[in-house]
Amino acid sequence: MKTKLLLPSQIDEAADFIRNGKLLAIPTETVYGLAADAFNPIAVAKIFEAKERPTFDPLIVHIADFEQIFTVAKIVPPAAEKLAKKCWAGPLTIILPKQNEIPDLVTAGLSSVGIRIPNSEITREIIRKSKTPIAAPSANLFGHTSPTCAKQVLDDLRGRIDAIIDGGECKIGVESTIISFVNKIPVCYRFGGIELEYIESVIGKVEIAGFHGKEDFSPGRSLRHYAPKTPLYLNKKESDFSPETKIGTINQEGDLYEIAKNLYSEIRNADAKNCDVILARLVENKGIGMAINDRLKRAAADYKD
Ligand code: TXA
Ligand code: MG
C-alpha cells in the first residue's frame, strides 16, 4: 500500500480516511499515534496488523471534547472528571469502565477503556470532522521506540498505513501518564508527560501499579519495550569496553523537559549509527524524570527489576 503524506491544511481528507475505516498516523503533543475509528472493529484490527502488536495490549481512545467521554465511558467518577478537566487537552490518559459499544479489540477484552484528549488542534479537528473517537497507540512497530516526528513514523510504518498527517515535532516527547479510576483508589499504570506530583496535588494519593513484569496488573507493559536494536546500557562507561567497540551515546543535556522531548529521537539516531553499544544514564527521578527513567529502563539491555 502507498502511504499518503498529508499537510495540516488537509484535515478534511484526513478525516475521510478515518470515516472510511483506514489507518491514519496523527500528531499529538506526546508521540505520534496510529489512528482508526474506535467503533469500527475491522479498522481497529488493521492497527494491530500494521504494528505487529499483540491483541492483549489495549489501545487508548482519543476524543476531541470532554462531552464526548460519555460515548466511550460508562461512568466518570468525580475525581476522574476533576483531574481530566485540569489536564486536558494534555498528556493524561484516564482508565474508566467502558461503554458496551466499544469493541473488545480496543480494550483487549477488558471492561475498562483508556481515554484522553490530545493537545493537538489538528488531531482534535480530525476527530470532530470524522465524528467518531479514534483508537490510537503510538505509531511505531510493536516494542520499538515511539516516534516524535512524521519521518520516524514513516521509518517504521511506510507502506503499512494509508496516510500520515504531518504536524511537526511532538512537544512533550514521552507518552501520556495513565491513571485508572476503575477501583476506589486511583492507580498509576504509566509515568508520562503529566507529573505524578501534580496529579496527587489535584486528587490526592495515587497507587503505583507493579510496573515490571506483572502483565495482568498492567496490561501491555512488558519490560523490554521502547528498545533500539543496538543494546543500550545504563550502568556502563566507555572504559568497560574494548578499544575496538564502537560506542554510541545519547545527548541528555538540558532540563528534564528537554531531555524528555529529545529522548526517543536520541535513541533512534544512536541506533541508526550502527554502533556496537549505546550508553545512557538515568536522570533525577522526579516529575517527568520518572517517565524518562521508566522508558530508559525498558529500553536497556542491562536493567532487570
Ligand atoms: O501519549 C500517549 O498515550 C500515546 C499517544 C498516541 O496518545 N499513546 C500511547 O499508546 O502511548 P500505546 O498504545 O503505546 O500505549 C497504550 C497503553 C497500553 O499498552 C496499556 O499499558 C495502557 O495504555 N492501557 C490502555 N487501555 C488500558 C486499560 N483499559 N487498562 C489498563 N491499561 C490500559
Ligand atoms: Mg506504545
Side-chain angles (χ1 to χ4, degrees), residues 24-36 38 44 47-48 50-63 72-74 87-99 102-120 123-124 127 133-148 152-153 156-157 164 167 170-183 186-194 209-212 214-227 260 264 288 291 294-295 298-299:
L24 172 75
I26 48 155
T28 84
E29 77 284 29
T30 58
V31 301
Y32 272 71
L34 180 57
V44 171
I47 294 178
F48 288 90
K51 284 192 54 139
E52 298 178 18
R53 179 177 174 117
T55 51
F56 60 73
D57 192 354
L59 307 180
I60 294 170
V61 174
H62 297 66
I63 57 176
V72 182
K74 204 171 236 169
C87 298
W88 284 350
L92 170 76
T93 292
I94 60 175
I95 297 184
L96 297 175
K98 82 173 188 80
Q99 280 289 6
I102 297 283
D104 284 335
L105 195 53
V106 170
T107 60
L110 296 169
S111 56
S112 60
V113 59
I115 308 165
R116 91 176 187 98
I117 301 184
N119 192 9
S120 158
T123 289
R124 290 203 304 273
I127 296 169
I134 55 178
S138 51
N140 49 280
L141 287 170
F142 182 70
H144 199 185
T145 311
S146 303
T148 53
Q152 291 170 5
V153 174
D156 271 29
L157 298 179
I164 175 168
C170 302
K171 299 222 156 47
I172 306 270
V174 292
E175 294 84 347
S176 58
T177 307
I178 302 181
I179 307 285
S180 170
F181 288 91
V182 169
N183 299 317
V187 179
C188 175
Y189 275 149
R190 178 171 75 186
F191 300 130
I194 299 251
F211 269 70
H212 299 299
K214 294 183 193 156
E215 287 307 305
D216 52 333
F217 199 42
S218 192
R221 298 290 288 148
S222 54
L223 182 53
R224 283 290 284 161
H225 224 93
Y226 308 97
Y264 291 151
I288 203 167
D294 172 70
R295 306 306 190 272
R298 288 173 198 280

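In what follows, every heavy atom counts, from backbone to side chain, and hydrogens, waters and symmetry copies are set aside. Numbering of ligands and ligand atoms starts at 1, following listing order. No experiment lies behind these values; they were computed from the predicted model shown.
Atom CD1 of I60 sits about 9.5 Å away from atom OG1 of T28, to the nearest 0.5 Å. If you take CG on N119 and SG on C87, they are separated by 11.5 Å, rounding to the nearest 0.5 Å. Atoms CD1 and CD1, on I95 and I178 in that order, are 5.5 Å from each other to the nearest 0.5 Å. Put simply, OG1 on T123 and CD1 on I134 are 6.0 Å apart, with the number rounded to the nearest 0.5 Å. In this structure, I94 CD1 and I179 CD1 are separated by 10.0 Å, a value rounded to the nearest 0.5 Å. Here CD1 of I164 is found 9.5 Å from CG of L34. Values are rounded to the nearest 0.5 Å.
Interface of E175 with ligand 1, defined as ligand atoms under 4.0 Å from a residue heavy atom, comprises 1 (O), 2 (C), 11 (O). Those atoms of ligand 1 that come under 4.0 Å of a heavy atom in P137, given as number and element, are 10 (O), 12 (P), 13 (O). Listed by atom number, the atoms of ligand 1 under 4.0 Å from L110 heavy atoms are 28 (C), 29 (N), 30 (N). Remark: ligand 1 atoms within the under-4.0 Å shell around heavy atoms of T30 are 1 (O), 2 (C), 4 (C), 5 (C). Below 4.0 Å from some heavy atom of H62 lie the following atoms of ligand 1, by number and element: 5 (C), 6 (C), 7 (O).
Of the possible donor and acceptor atoms, one in the side chain of K51 sits under 3.5 Å from a partner among the backbone N and O of S138. Counting only distance, with no hydrogens or angles, the side chain of R53 and the backbone of N140 share no donor-acceptor pair below 3.5 Å. Checking side-chain atoms of Y32 against main-chain N and O of C170 turns up no donor-acceptor pair under 3.5 Å. Distance alone, capped at 3.5 Å, is enough to place a donor-acceptor pair between the T177 side chain and the I194 backbone.
Remark: distances from the non-hydrogen atoms of I60 to ligand 1 include one below 4.0 Å. Within the structure, ligand 1 has S112 among the residues with a heavy atom less than 4.0 angstrom away.
Here's the thing with Y32: none of its N/O atoms is less than 3.5 angstrom from an N/O atom of ligand 1. Taking any N or O of T28, backbone or side chain, none lies under 3.5 Å from an N or O belonging to ligand 1. Considering backbone and side-chain N/O atoms, K51 never comes within less than 3.5 Å of an N/O atom of ligand 1. Residue Y189 has no N or O atom closer than 3.5 Å to an N or O atom of ligand 1.
Paired with T30 under the rule side-chain hydrogen bond (donor to acceptor under 3.5 Å, both in side chains), one option of R116, K171, E175 passes, and it is R116.
Ring to ring, F142 and F48 are not that close: their centroids are 6.0 angstrom or more apart.
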side-chain hydrogen bond (donor to acceptor under 3.5 Å, both in side chains) between S176 and R190, worked out: CA-CA 8 Å; S176 58; R190 178 171 75 186; 3.1 Å; yes
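Across P147, A136, S176, heavy-atom proximity to atom 8 (N) of ligand 1 is greatest for A136. Among I178, I94, D57, the residue whose heavy atom lies closest to atom 19 (O) of ligand 1 is D57.
Only protein atoms were considered; those of element N, O or S under 2.8 Å from the Mg ion (ligand 2) number 1.
Contacts between E29 and ligand 1 below 4.0 angstrom, taking non-hydrogen atoms only, are absent altogether. Residue K98 does not touch ligand 1, judged by heavy-atom distances below 4.0 Å.
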